[in-house]
Colleague: 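Please read through the structure below; I'll follow up with questions.
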Amino acid sequence: MSHEDEWKPAGRPDPATELLRHYLADRDEPCPRCGYNLRQLQSLRCPECGDALRLRIALVEPRMAAYLTLLAVCAIALGGALLMCLLAVFQAPGSWWTEFSARILLWMLVLAGGALACVLRFGRWIRRRSTLRQWLLVSTAVLVFSGLATAFILEFDD
(Lines give C-alpha, C1' and ligand atoms only; values in the text may rest on other atoms or scores of the structure.)
Protein backbone atom coordinates (compact mmCIF):
# COMPACT_ATOMS: atom_id res chain seq x y z
CA MET A 1 0.00 0.00 0.00
CA SER A 2 1.38 3.39 -0.94
CA HIS A 3 1.76 6.26 1.50
CA GLU A 4 -1.09 8.11 -0.25
CA ASP A 5 -3.46 5.17 0.27
CA GLU A 6 -2.89 4.95 4.04
CA TRP A 7 -5.38 7.69 4.92
CA LYS A 8 -8.18 6.55 2.58
CA PRO A 9 -11.06 4.56 4.05
CA ALA A 10 -11.23 1.00 2.72
CA GLY A 11 -13.75 0.38 -0.03
CA ARG A 12 -14.10 4.00 -1.14
CA PRO A 13 -12.89 4.99 -4.60
CA ASP A 14 -9.97 7.40 -4.66
CA PRO A 15 -11.29 10.84 -5.76
CA ALA A 16 -8.05 11.68 -7.57
CA THR A 17 -8.18 8.42 -9.54
CA GLU A 18 -11.84 8.92 -10.34
CA LEU A 19 -11.29 12.48 -11.59
CA LEU A 20 -8.34 11.42 -13.73
CA ARG A 21 -10.24 8.39 -15.04
CA HIS A 22 -13.23 10.58 -15.91
CA TYR A 23 -11.05 13.17 -17.63
CA LEU A 24 -9.24 10.57 -19.75
CA ALA A 25 -12.33 8.47 -20.55
CA ASP A 26 -12.83 10.10 -23.95
CA ARG A 27 -9.67 12.16 -24.48
CA ASP A 28 -6.41 11.34 -26.22
CA GLU A 29 -3.78 12.78 -23.87
CA PRO A 30 -0.10 11.79 -24.01
CA CYS A 31 1.91 10.82 -20.96
CA PRO A 32 4.21 13.77 -20.12
CA ARG A 33 7.18 11.38 -19.78
CA CYS A 34 6.88 8.84 -22.62
CA GLY A 35 4.05 10.12 -24.84
CA TYR A 36 1.88 7.01 -24.42
CA ASN A 37 -1.81 7.69 -25.13
CA LEU A 38 -3.59 7.71 -21.75
CA ARG A 39 -7.17 7.38 -23.12
CA GLN A 40 -9.28 5.23 -20.77
CA LEU A 41 -6.57 5.09 -18.10
CA GLN A 42 -7.62 3.06 -15.07
CA SER A 43 -4.96 4.03 -12.51
CA LEU A 44 -2.74 6.94 -11.44
CA ARG A 45 0.27 5.49 -13.30
CA CYS A 46 1.18 5.41 -16.96
CA PRO A 47 0.91 1.79 -18.15
CA GLU A 48 3.91 2.30 -20.46
CA CYS A 49 6.58 3.98 -18.30
CA GLY A 50 5.03 3.51 -14.84
CA ASP A 51 5.32 7.17 -13.80
CA ALA A 52 2.72 8.52 -11.38
CA LEU A 53 0.19 10.91 -12.93
CA ARG A 54 -2.08 13.57 -11.52
CA LEU A 55 -4.72 15.93 -12.79
CA ARG A 56 -3.82 19.52 -12.02
CA ILE A 57 -4.57 23.12 -12.85
CA ALA A 58 -1.79 25.20 -14.39
CA LEU A 59 -1.49 28.75 -15.63
CA VAL A 60 -2.16 29.20 -19.32
CA GLU A 61 0.36 32.02 -19.57
CA PRO A 62 2.68 32.11 -16.57
CA ARG A 63 4.12 35.53 -15.80
CA MET A 64 7.66 35.23 -17.03
CA ALA A 65 8.56 38.83 -17.95
CA ALA A 66 10.66 39.57 -14.86
CA TYR A 67 12.42 36.20 -14.96
CA LEU A 68 13.24 36.51 -18.66
CA THR A 69 14.42 40.09 -18.15
CA LEU A 70 16.70 38.95 -15.32
CA LEU A 71 18.02 36.17 -17.51
CA ALA A 72 18.69 38.66 -20.33
CA VAL A 73 20.41 41.17 -18.03
CA CYS A 74 22.78 38.50 -16.68
CA ALA A 75 23.47 37.08 -20.15
CA ILE A 76 24.16 40.53 -21.61
CA ALA A 77 26.48 41.41 -18.71
CA LEU A 78 28.36 38.13 -19.12
CA GLY A 79 28.57 38.56 -22.90
CA GLY A 80 29.83 42.12 -22.56
CA ALA A 81 32.43 41.13 -19.98
CA LEU A 82 33.60 38.21 -22.13
CA LEU A 83 33.87 40.44 -25.19
CA MET A 84 35.88 43.04 -23.28
CA CYS A 85 38.17 40.32 -21.90
CA LEU A 86 38.77 38.98 -25.41
CA LEU A 87 39.55 42.45 -26.69
CA ALA A 88 41.90 43.04 -23.77
CA VAL A 89 43.71 39.75 -24.37
CA PHE A 90 44.46 40.67 -27.96
CA GLN A 91 44.75 44.46 -27.75
CA ALA A 92 45.87 45.55 -24.28
CA PRO A 93 49.51 45.46 -23.20
CA GLY A 94 50.42 42.82 -20.64
CA SER A 95 50.85 45.43 -17.95
CA TRP A 96 47.17 46.45 -18.29
CA TRP A 97 46.07 43.30 -16.45
CA THR A 98 47.58 44.68 -13.24
CA GLU A 99 45.51 47.87 -13.42
CA PHE A 100 42.30 48.51 -11.49
CA SER A 101 40.16 48.51 -14.65
CA ALA A 102 41.23 44.92 -15.36
CA ARG A 103 40.13 43.89 -11.87
CA ILE A 104 36.75 45.56 -12.39
CA LEU A 105 36.35 43.67 -15.65
CA LEU A 106 37.26 40.36 -14.02
CA TRP A 107 34.81 41.03 -11.17
CA MET A 108 32.09 41.73 -13.71
CA LEU A 109 32.93 38.50 -15.52
CA VAL A 110 32.76 36.44 -12.32
CA LEU A 111 29.61 38.12 -10.97
CA ALA A 112 27.74 37.95 -14.28
CA GLY A 113 28.68 34.30 -14.79
CA GLY A 114 27.69 33.42 -11.23
CA ALA A 115 24.44 35.37 -11.47
CA LEU A 116 23.52 33.71 -14.75
CA ALA A 117 24.25 30.26 -13.30
CA CYS A 118 22.11 31.06 -10.24
CA VAL A 119 19.22 32.38 -12.34
CA LEU A 120 19.27 29.20 -14.43
CA ARG A 121 19.67 26.90 -11.42
CA PHE A 122 17.06 28.61 -9.22
CA GLY A 123 14.68 29.75 -11.96
CA ARG A 124 11.69 27.95 -10.51
CA TRP A 125 12.30 29.46 -7.07
CA ILE A 126 12.66 32.93 -8.62
CA ARG A 127 9.45 32.56 -10.64
CA ARG A 128 7.54 31.62 -7.48
CA ARG A 129 8.44 34.89 -5.75
CA SER A 130 6.02 37.79 -5.93
CA THR A 131 6.16 39.97 -9.02
CA LEU A 132 7.53 42.82 -6.91
CA ARG A 133 10.41 40.69 -5.60
CA GLN A 134 11.20 39.45 -9.09
CA TRP A 135 11.42 43.00 -10.41
CA LEU A 136 13.56 43.98 -7.40
CA LEU A 137 16.00 41.23 -8.40
CA VAL A 138 16.02 42.57 -11.97
CA SER A 139 16.61 46.14 -10.72
CA THR A 140 19.44 45.00 -8.46
CA ALA A 141 21.13 43.13 -11.31
CA VAL A 142 20.77 46.13 -13.63
CA LEU A 143 22.24 48.47 -11.00
CA VAL A 144 25.16 46.17 -10.15
CA PHE A 145 26.13 45.41 -13.74
CA SER A 146 25.61 48.93 -15.06
CA GLY A 147 27.62 50.25 -12.09
CA LEU A 148 30.48 47.86 -12.84
CA ALA A 149 30.36 48.68 -16.55
CA THR A 150 30.40 52.41 -15.80
CA ALA A 151 33.30 52.01 -13.35
CA PHE A 152 35.20 49.97 -15.94
CA ILE A 153 34.65 52.58 -18.66
CA LEU A 154 35.62 55.49 -16.41
CA GLU A 155 38.68 53.71 -15.07
CA PHE A 156 39.71 52.41 -18.50
CA ASP A 157 39.42 55.88 -19.98
CA ASP A 158 42.00 57.27 -17.52
Colleague: Name the one of R121, R129, R128 that satisfies side-chain contact (heavy atoms from CB on, under 4.5 Å) with W125?
Modeller: R129
Colleague: Please determine whether the number of non-hydrogen atoms from other residues, nucleotides or ligands lying under 6.0 Å from atom CH2 of W107 exceeds 12.
Modeller: no
Colleague: Okay, side chain of Q42, backbone of R21: is any donor-acceptor separation there less than 3.5 Å?
Modeller: no
Colleague: Can you tell me if CZ on R133 sees more than 12 non-hydrogen neighbours from other groups inside 6.0 Å?
Modeller: no
Colleague: What do the steps show when you test F145 against I76 for side chain to side chain contact (heavy atoms under 4.5 Å, CB included), and what is the final call?
Modeller: CA-CA 9 Å; F145 295 131; I76 290 168; over 6 Å; no
Colleague: If I compare all heavy atoms of Y67 with all of G123, which pair ends up nearest, and what's the gap?
Modeller: CE1-CA, 3.5 Å
Colleague: Starting at CG of L86, measure out to CD of Q91 and round the result to the nearest 0.5 Å.
Modeller: 11.0 Å
Colleague: From I104 CD1 over to F152 CZ, what is the distance, rounded to the nearest 0.5 angstrom?
Modeller: 8.0 Å
Colleague: Apply salt bridge (Lys or Arg N to Asp or Glu O under 4.0 Å) to R103 and list each qualifying residue two or more places apart in sequence or on a separate chain.
Modeller: none
Colleague: Should the heavy atoms of other residues, nucleotides or ligands under 6.0 Å from CZ of R27 be counted, would the total exceed 12?
Modeller: yes
Colleague: Would T69 and W135 count as a side chain to side chain donor-acceptor pair (under 3.5 Å) if you check the C-alpha gap in whole Å, the side-chain angles of each, and the deciding distance to 0.1 Å?
Modeller: CA-CA 9 Å; T69 304; W135 284 111; over 6 Å; no
Colleague: Go through the steps for L53 and R45 under the test side chain to side chain contact (heavy atoms under 4.5 Å, CB included), then give the verdict.
Modeller: CA-CA 5 Å; L53 302 165; R45 294 199 171 273; 5.9 Å; no
Colleague: Find the distance between CG (L148) and CD1 (I153) and round it off to the nearest 0.5 Å.
Modeller: 11.0 Å
